Amino acid sequence: MNGRLELALHFFKGQFRSMPLPTTSYAGRTVIVTGATGGLGLEAARHFTRLGTARLILACRDSERAEAARSDIQKSLPDSSTTIEVWPLDLASFESVRTFCHRAEKELDRLDVLLANAALLAIDKPKMAEGYELQITVNVISNTLLILMLLPLLKRTAATHNVEPVVTLVSSLGHILTTFTQHSSPHIFSTFQPGDHMTERYATSKLLGILIIRELAERLNAAHHPSHPSPVVVNTANPGMCKSDLFRNLPAAGRVVVGALNQLLGRSSDQGARALMAAVAAGRESHGKYVDSARIVEPGSFVRSETGGMVQKKVWGELMEILDGVEPGVSGNVERALAA
Ligand SMILES: NC(=O)c1ccc[n+]([C@@H]2O[C@H](COP(=O)([O-])OP(=O)(O)OC[C@H]3O[C@@H](n4cnc5c(N)ncnc54)[C@H](OP(=O)(O)O)[C@@H]3O)[C@@H](O)[C@H]2O)c1
């Protein structure tokens with residue numbers, strides 16, 4: 001069968017598949033969900049609360065919306081004993097990410113789950129943040145900074161509590177929809193300018209996320225003796241196409257098309273959140289893998305190609321240089337997190 005047709009069939013069939021109700025207990029656990037003001041993040045936070053999470057941090061840039069999300073969860077689960085806290089986190093600002101992570105180091109005695117869910121899709125009116133196009137900064141650079149800065153705490157949690165902490169970075173099937181022509185540039189990150197290839201920028205950001213998590217997983221494994229696997233499981237998750245506010249920044253015509261498609265095929269935010277919860281609960285088998293609608297599957301062909309493998313290393317190298325400029329020595333957390 002033609003590859004595109006096969007992909008379209010996979011997408012359509014997948015959209016009608018019901019996502020399992022999450023049942024893993026998070027009793028005694030501490031969980032961070034980013035972008036929990038609405039959509040999938042809010043529904044994932046509600047599942048974590050229902051499943052007995054001891055301490056749940058809603059990491060959000062808009063404190064009013066985050067407080068509304070917290071009371072919405074509390075109202076829907078009045079008997080829950082989860083302590084829900086709202087902490088400010090704006091992924092468009094490296095300083096905000098650093099402040100958030102330093103606070104986590106200081107105030108959290110454990111971290112069992114980081115659900116790196118927050119992201120944005122923006123084609124119109126491209127913006128810059130921290131010297132890069134906004135989606136690259138938010139979806140890629142800051143998310144990686146967040147993960148690397150929290151690695152020592154995740155590692156300590158594994159060692160102290162004999163558990164397997166998880167980082168799930170939310171991705172998208174969209175990762176296969178980009179030409180990613182920038183991959184052959186001598187410096188990939190500097191090519192992501194506003195106004196250039198904007199229609200595929202979001203998809204590119206999701207592809208970069210998959211490459212980064214694969215490389216991180218490999219490096220975590222390599223830093224360890226084969227008989228002692230990485231204490232932290234990292235994976236990526238695709239929730240499928242869901243009804244949420246994600247498409248609010250599309251141009252009007254795009255909003256109409258996506259809105260109509262979503263009416264026909266879109267999962268509810270709760271169904272999308274269940275797909276994310278499935279990735280969080282997927283365990284060691286999912287380390288470095290792509291969990292699509294609650295199943296571990298192979299990512300797109302570029303990721304699996306020889307070129308993709310080389311680009312993955314190049315992207316990692318460039319990104320570590322950027323991040324070490326933001327938080328000196330942070331790249332060393334991959335090895336350090338495992339050596340202690
Ligand atoms: N919906 C889909 O069809 C679909 C498909 C595949 C993947 N995904 C992925 O699923 C995840 C959740 O998206 P969603 O559909 O639930 O969309 P959404 O309703 O737009 O939620 C996105 C969340 O990210 C937050 N966010 C955006 N920019 C941020 C920043 N600079 N700093 C901190 N938080 C920021 C938003 O906060 P504000 O309230 O402040 O805006 C919001 O809480 C995303 O990673 C998205 O790419 C969604």
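First listed ligand is number 1; within each ligand, the first listed atom is number 1. The shown structure was predicted, so the numbers you read here are calculated from the model rather than taken from an experiment.
Counting only heavy atoms from C-beta outward, the side chains of Q193 and E133 never approach each other to under 4.5 Å.
Below 30°, between 30° and 60°, or above 60°: for H183 and F302 the angle between ring planes is between 30° and 60°, a tilted geometry.
Closest protein heavy atom to atom 5 (C) of ligand 1: G240 O, 3.1 Å. The single protein non-hydrogen atom nearest to atom 28 (N) of ligand 1 is R61 CZ, 3.5 Å, given as residue, atom name and distance. Looking only at protein heavy atoms, the nearest one to atom 15 (O) of ligand 1 is S244 OG, 2.5 Å. Here the heavy atom of the protein found nearest to atom 7 (C) of ligand 1 is S171 O, 3.1 Å. Closest protein heavy atom to atom 36 (C) of ligand 1: T37 OG1, 4.0 Å. Among all non-hydrogen protein atoms, the one lying nearest atom 46 (C) of ligand 1 is Y202 OH, 3.5 Å. With respect to atom 34 (N) of ligand 1, the closest heavy atom belonging to the protein is A118 CB, 3.5 Å. Counting only heavy atoms of the protein, atom 45 (O) of ligand 1 lies nearest to N117 O, 2.7 Å.
In this structure, K243 has no heavy atom closer than 4.0 Å to ligand 1. Contact between R267 and ligand 1 is absent, with no heavy atom of the residue lying under 4.0 Å from the ligand. Using a 4.0 Å cutoff on heavy atoms, A92 counts as a contact of ligand 1.
Classification of R110 and D112 as a salt-bridged pair holds, one side-chain N sitting under 4.0 Å from a carboxylate O. A salt bridge does not link R214 to E218: none of the charged nitrogens lies less than 4.0 Å from a carboxylate oxygen.
Proximity to L40 (heavy-atom distance under 4.0 Å) selects the following atoms of ligand 1: 10 (O), 15 (O), 16 (O). Remark: ligand 1 atoms within the under-4.0 Å shell around heavy atoms of M241 are 3 (O).
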Report task. Take S171 and T236 through the test side chain to side chain donor-acceptor pair (under 3.5 Å) and record every step on the way to the result. Result -> CA-CA 6 Å; S171 187; T236 49; 5.4 Å; no
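In summary, the side chains of T179 and E200 do present a donor paired with an acceptor at a separation below 3.5 Å, with no hydrogens or angles considered. If you check the side chains of R50 and H47, you find a donor sitting under 3.5 Å from an acceptor.
Residues V330 and M149 come closest through the heavy atom pair CG2-CG, 3.6 Å.
In L91, the parts holding a heavy atom less than 4.0 Å from any atom of ligand 1 are both the side chain and the backbone.
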